[in-house]
Amino acid sequence: MQNASANALVPREAARPAPMADIQKIAQHMARLNVAALPRNYELFHEAIIGLNAGLAQDIAALGPQPQQPMLDELGLKYRLVGHCGLAGETSRNEASRMLRDVAERLAEGLKHKNTFARACGAILKSVSGQDDQSLAAFLSEVDYLTASLSTVLAAEMEIGAKLQDDIKTLETLERGISAMQSAAIADRITGLPNRIALNRTIADLYEREEGAAGSALIMVDIDHFTDLNDKYGTQAGNKLLKKLAGLLQKSIKKNDFIARTEGDEFALLFSNVGMQDAIAIAERLRASVEDNLVFATSDKTDRGRLTISIGVALSTDAATPGQLQANARVALLAAQSNPRLPVQAFGR
């Protein structure tokens, strides 16, 4: 294996553009469409352009040259993007808070009616007990007043009870919606695997354990020339390949291991209780399994129709933080992409 250190890294021309180039490309596209520079809009266009989501790109194009923000937000929810799910979740929480404030106000109003009735009862009882010669007409008048007051209290109670039942159902619906959005925010829409956010959380949890993060390996997998495959065979075929690759990679992990689709053509696997030798062996088996099993139909006789991948490996023992672990794995991956003859590279080895 070649040493995949940062100093020796010289990526090939076909490697993924630098993050700054991605940002500039997205910003230019948004500026042409006169789209507001909001974080959730950057995420939307990143998924369409950098994430190679042709369906989303077509939907954005269908909105015309100056898409309105509500339309963009609808697309973000449709494609379950994190920023838009978070926005919808915040809206749902605000709605729930508003409903709870309304409930509190109605209960306070109901309590006011009860206190008024109780004071009326006390006043009439005091009046009756202090006037032995009170006329029947006066007594009946006071009883009528109490009856009217009681009717008001009971009507208010019934109204509050009915509204509370409706509010409970609405709150349950909001809760289910928030839960669904939270789940959607950490799941990849095409493969069903966890996404980059889920990976970040998993690695962060790994480093927060009392025993530390030592003994884990992060393996990053990138499909070679996936953009060319999409252009040549279409997005639908590309999505099928992603699903097949996801299924194949998922079969390679154990119960305590983790897999995520982190970008359009990139996956990450986190293995526990492995050293570098074992991690490299796992990576080599993954590469061989993909090349042996993922074959797609092609009319080009010079094209074998086989999927190839590049793999970068990094150990948690070589990284003090979650961010450094991912950076090390990416350095190794870029080194593998730059040398097709050595498609599996390990950081620092």
Side-chain angles (χ1 to χ4, degrees), residues 1-5 9 11-12 14-16 188 190-196 198-199 202-203 206 213-226 229 238-296 303-319 325-349:
M1 298 298 160
Q2 287 190 349
N3 187 325
S5 65
L9 179 61
R12 65 184 181 201
R16 178 181 287 100
D188 174 55
I190 293 176
T191 64
L193 293 176
N195 62 12
R196 177 177 291 281
L199 174 68
T202 300
I203 296 178
L206 176 70
S216 296
L218 179 62
I219 295 178
M220 299 189 77
V221 176
D222 187 272
I223 302 174
D224 296 330
H225 312 299
F226 185 66
L229 290 174
N239 288 345
K240 287 182 179 179
L241 282 175
L242 288 173
K243 291 177 183 178
K244 288 183 179 179
L245 178 57
L248 188 64
L249 295 176
Q250 203 163 21
K251 291 179 181 177
S252 68
I253 66 173
K254 298 178 182 178
K255 182 179 179 180
N256 294 328
D257 298 326
F258 181 84
I259 179 173
R261 180 189 174 214
T262 54
E263 289 189 23
D265 57 349
E266 184 180 285
F267 295 79
L269 299 94
L270 188 64
F271 292 90
S272 56
N273 300 319
V274 294
M276 182 57 79
Q277 186 174 355
D278 290 335
I280 292 175
I282 291 171
E284 292 286 4
R285 285 198 299 271
L286 288 176
R287 183 190 62 80
S289 178
V290 169
E291 294 186 6
D292 290 343
N293 293 289
L294 286 186
V295 181
F296 51 93
D303 187 351
R304 297 184 303 162
R306 293 186 182 275
L307 199 69
T308 61
I309 57 176
S310 298
I311 301 178
V313 182
L315 294 184
S316 58
T317 51
D318 297 326
L325 175 61
Q326 293 194 56
N328 290 352
R330 183 164 296 283
V331 166
L333 175 62
L334 292 175
Q337 290 176 308
S338 70
N339 188 353
R341 289 178 297 180
L342 291 171
V344 175
Q345 294 279 341
F347 179 81
R349 300 298 191 275

Might you work through the side chain to side chain contact (heavy atoms under 4.5 Å, CB included) test for F258 and I253, ending with a clear yes or no? CA-CA 7 Å; F258 181 84; I253 66 173; over 6 Å; no
One pair to check against side-chain hydrogen bond (donor to acceptor under 3.5 Å, both in side chains): D222 and S310. What are the steps and the verdict? CA-CA 5 Å; D222 187 272; S310 298; 5.8 Å; no
Given the rule in the side chain to side chain contact (heavy atoms under 4.5 Å, CB included) test, do V290 and I223 qualify, once you have shown the distances and angles that lead to the verdict? CA-CA 10 Å; V290 169; I223 302 174; over 6 Å; no
Begin with the C-alpha distance, continue with both residues' side-chain angles, and end with the deciding distance and a verdict on side chain to side chain contact (heavy atoms under 4.5 Å, CB included) for Q326 and T262. CA-CA 11 Å; Q326 293 194 56; T262 54; over 6 Å; no
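With values rounded to the nearest 0.5 angstrom, E266 atom CD is found 12.0 Å from I309 atom CD1. Rounding to the nearest 0.5 Å places CG of D257 at 12.0 Å from CD of Q250. In this structure, CG in L245 is found 10.0 Å from CZ in R261, a value given to the nearest 0.5 Å. Of the inter-residue distances, the one linking I190 atom CD1 with N239 atom CG reads 4.0 Å to the nearest 0.5 angstrom. Taking CG of L270 as the start and CG of L218 as the end, the distance is 6.0 Å to the nearest 0.5 Å. Atom CG in L248 sits 11.0 Å away from atom NZ in K244 (nearest 0.5 Å).
Scanning all heavy atoms of the two residues, the minimum distance from A314 to F347 falls at CB-CB, 4.2 Å. Considering all non-hydrogen atoms of both residues, S252 and F271 come closest at O-CE2, 4.0 Å. Annotation for S216 and S272: closest pair OG-CA, 4.0 Å, computed over non-hydrogen atoms. Nearest heavy atom pair, residue I219 against residue A279, reads CD1-O, 3.7 Å. Closest non-hydrogen pair, L193 versus A246, comes out as CD1-CB, 3.6 Å. Taking both residues in full, the closest heavy atoms of V274 and L315 are given as O-CD2, 4.3 Å, listed atom of the first, atom of the second, then distance.
Inter-residue side-chain proximity for P343 and T308 is flagged as unmet; no heavy-atom pair is nearer than 4.5 Å. Looking at N328 and V331, their side chains never come closer than 4.5 Å, going by heavy atoms from C-beta outward.
Residues passing the salt bridge (charged side-chain N to carboxylate O under 4.0 Å, His left out) test with D278, sequence neighbours excluded: none. S289 pairs by the side chain to side chain donor-acceptor pair (under 3.5 Å) definition with N293, not counting sequence neighbours.
In this structure, R285 contributes its side chain and R287 its backbone to no donor-acceptor pair below 3.5 Å.
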